[in-house]
Engineer: 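Sharing a structure with you now.
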Number of protein chains: 2
Amino acid sequence: MSAVATAQGERLTQPQRRARSRSALLESAARGLSRYGYSNLLLERVARDAGYTRGALYHQFANKEALALEVVSWVEETWYSEVGRLALNTSDAAEALIAMARGHAVYCRRDVARVMMALRVELSGQDHPVGRAVEEAVGRVVAECTRLIAAGRRSGSIPPGPSPRLLALAYLGAVEGLVINLAAKAPFDELLAERGARGVLGLPPSPEKKAS
Amino acid sequence: MSAVATAQGERLTQPQRRARSRSALLESAARGLSRYGYSNLLLERVARDAGYTRGALYHQFANKEALALEVVSWVEETWYSEVGRLALNTSDAAEALIAMARGHAVYCRRDVARVMMALRVELSGQDHPVGRAVEEAVGRVVAECTRLIAAGRRSGSIPPGPSPRLLALAYLGAVEGLVINLAAKAPFDELLAERGARGVLGLPPSPEKKAS
DNA sequence: TACTATACATGCATGCACGTATGTAAGTTA
DNA sequence: TAACTTACATACGTGCATGCATGTATAGTA
């Protein structure tokens with residue numbers, strides 16, 4: 001969007017320069033992937049939007065694929081630190097899944113929300129390294145949700161029904177689709193994400209407490 | 001996949017030949033768009049999978065864009081005739097929305113299920129004719145669901161809450177995401193689509209009647 | 001059977017984006 | 001300040017898919 005513009009006299013050490021450029025390029029790439037997907041992502045645009053040229057990009061990243069892989073890792077990390085972590089603060093598995101649904105809605109209010117979905121829709125089944133990385137990251141979330149659902153079944157907070165893995169896929173698909181379609185329309189994104197999650201999981205409707 | 005292979009002695013009139021080639025190419029293009037999206041769709045592959053070459057394709061369709069637009073129209077028509085129609089057979093709006101959720105799950109069991117989502121994720125916001133066509137088609141479905149929700153609110157079968165349009169977007173996003181993630185795992189796709197829809201709409205859980 | 005039109009195949013030209021090689025400026029160490 | 005390294009820009013080559021132009025076979029017509 002805007003150049004990094006080392007404001008006059010702002011003296012930077014080399015590692016600082018490098019880190020600044022790198023994160024600017026990564027952020028720009030994340031926005032680009034979210035909007036345009038992988039093959040429609042133009043590195044010229046990524047660099048320009050970050051205030052650089054493709055030369056700077058190729059100096060920091062080996063190629064388009066490596067750049068995308070780093071974006072995927074970055075998204076997964078931030079997602080875990082902001083959403084996945086919510087599962088640890090609750091004692092009950094059903095509560096954890098509800099909290100994650102709401103948390104995901106909040107997480108997706110930023111503009112890089114669609115990175116994972118965009119890449120998955122575009123590259124799944126394509127034997128593409130980036131597609132595989134996304135599938136693996138999504139797989140980890142699915143596994144975590146599957147574990148939570150199984151635990152909730154054992155503790156009785158989630159009623160019996162389809163296999164935990166199938167239910168986890170349904171839960172995640174519903175929450176992700178809902179949140180993306182709502183496009184950060186706070187506070188309803190969070191409220192409806194909870195309602196959708198409860199419905200899929202077979203939980204009773206909540207007493208409609210306010211959004212956090 | 002396999003060539004059309006005019007089995008020996010099978011005498012065809014010109015309009016018949018044309019129509020046969022045309023639908024074979026359209027079907028192949030629909031599968032391709034569903035799997036690879038628009039820009040990753042290779043016309044060479046489309047033609048080959050239908051048993052022809054790109055020459056045949058360019059003889060029937062002006063260009064890649066025109067081909068994609070026809071696929072979008074075709075998908076919208078079949079969706080209305082198989083899913084949208086379900087809304088007409090019910091007296092109550094809430095019933096209609098539930099029926100559509102289940103119907104969409106059934107509709108999406110075929111391999112062209114992801115055409116609309118794939119194109120929307122790839123081209124939305126891009127000022128691309130195909131993207132616009134998809135947005136318009138989706139917009140019509142959203143409008144229909146919005147109308148149904150407003151009617152359900154008036155008749156009391158859907159409880160008050162967020163604006164009908166917002167709720168329609170949430171409902172559709174949840175159902176679509178859920179169904180795609182479940183990848184035609186009958187009969188749970190249908191069952192969970194209903195549960196998700198009920199949750200988002202604020203309807204009580206159903207007595208879990210069997211899938212149709 | 002000759003002659004036209006339609007359905008389809010094959011070969012070429014263009015454009016576009018990636019990746020790389022080279023050049024220049026800014027920072028680091030002596 | 002002189003040498004050296006790192007950060008970035010500019011310019012070029014390559015591959016690939018689209019679209020078009022031309023060639024061939026099959027169907028319709030007299």
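All figures in this text were calculated on a predicted structure; none of them were measured in a lab.
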Engineer: I would like to know whether S124(B) and E135(B) meet side chain to side chain donor-acceptor pair (under 3.5 Å); could you show each step before the answer?
Structural biologist: CA-CA 7 Å; S124(B) 78; E135(B) 289 298 339; 4.6 Å; no

Engineer: So R54(B), base contact, sugar-phosphate only, or nothing? Heavy-atom distance under 4.0 Å.
Structural biologist: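 R54(B): base contact, heavy atoms under 4.0 Å.
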
Engineer: Given side chain to side chain donor-acceptor pair (under 3.5 Å), test N181(B) with R120(A) step by step and report yes or no.
Structural biologist: CA-CA 11 Å; N181(B) 249 21; R120(A) 202 152 75 104; 2.8 Å; yes

Engineer: Give the nucleotide from the list dG19(C), dA7(C), dA7(D) with an atom nearest to the side chain of R18(A).
Structural biologist: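 For the R18(A) side chain, the nearest candidate turns out to be dA7(D).
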
Engineer: Rounded to whole angstrom units, what separation is found between the CZ atom of R48(B) and the C1' atom of dC8(C)?
Structural biologist: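 Answer to the nearest Å: 15 Å.
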
Engineer: Other residues, nucleotides and ligands only: do more than 12 of their heavy atoms fall within 6.0 Å of CZ on R45(A)?
Structural biologist: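 Not more than 12 within 6.0 Å, no.
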
Engineer: When the distance from CG of N40(B) to C1' of dT18(D) is rounded to whole Å, what number comes out?
Structural biologist: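 Those two atoms, CG and C1', are 14 Å apart.
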
Engineer: For N63(A) and dA17(C), give me the distance from atom CG to atom P, rounded to whole Å.
Structural biologist: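 One finds 18 Å between P of dA17(C) and CG of N63(A), rounded.
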
Engineer: Under 4.0 Å: is that the gap between some side-chain N or O of H59(A) and OP1 or OP2 of dC8(D)?
Structural biologist: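 No.
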
Engineer: Quick check on dC8(D): is either OP1 or OP2 less than 4.0 Å from any side-chain nitrogen or oxygen of S21(A)?
Structural biologist: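 S21(A) to dC8(D) OP1/OP2: side-chain N or O found under 4.0 Å.
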
Engineer: In whole angstrom, give the distance that lies between atom CG of L41(A) and atom P of dC16(C).
Structural biologist: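 It is 18 Å, rounded to the nearest whole Å.
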
Engineer: Check the distance between dA17(C)'s P and L57(A)'s CG and give it to me in whole angstrom.
Structural biologist: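 To the nearest whole Å, that distance equals 15 Å.
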
Engineer: Whole Å only: how far is the CZ atom of R20(B) from the P atom of dT6(C)?
Structural biologist: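 Rounded to the whole Å, the gap is 21 Å.
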
Engineer: I would like to know whether L148(A) and M100(A) meet side-chain contact (heavy atoms from CB on, under 4.5 Å); could you show each step before the answer?
Structural biologist: CA-CA 11 Å; L148(A) 283 169; M100(A) 284 172 63; 4.0 Å; yes

Engineer: Reckon T53(A) has a side-chain N or O less than 4.0 Å from the OP1 or OP2 of dT10(D)?
Structural biologist: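 For dT10(D), OP1/OP2 do not have a side-chain N/O of T53(A) under 4.0 Å.
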
Engineer: Nearest whole Å is fine: how far is dG19(C) P from L42(A) CG?
Structural biologist: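 In whole Å, dG19(C) P lies 12 Å from L42(A) CG.
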
Engineer: Expressed in angstrom and rounded to an integer, what is the separation of L43(B) atom CG from dC20(D) atom C1'?
Structural biologist: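 My rounded result for the distance is 14 Å.
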
Engineer: Examine dC8(C): is either OP1 or OP2 under 4.0 Å from a nitrogen or oxygen in the side chain of Q60(B)? Give yes or no.
Structural biologist: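 Indeed, a polar side-chain atom of Q60(B) lies that close.
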
Engineer: Give a yes/no verdict on a cation-pi contact between R48(B) and Y52(B), requiring under 6.0 Å between NZ or CZ and the six-membered ring centre and an angle within 45° of the axis.
Structural biologist: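 No.
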
Engineer: Of the options dG19(C), dC8(D), dT18(D), whose atoms approach the side-chain atoms of Y52(A) most closely?
Structural biologist: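 It is dC8(D).
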
Engineer: Pick the nucleotide of DNA chain C nearest each of S39(A) and R22(B); which residue has the one closer to the 5' end?
Structural biologist: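 Per heavy-atom nearest nucleotide, the more 5' residue is R22(B).
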
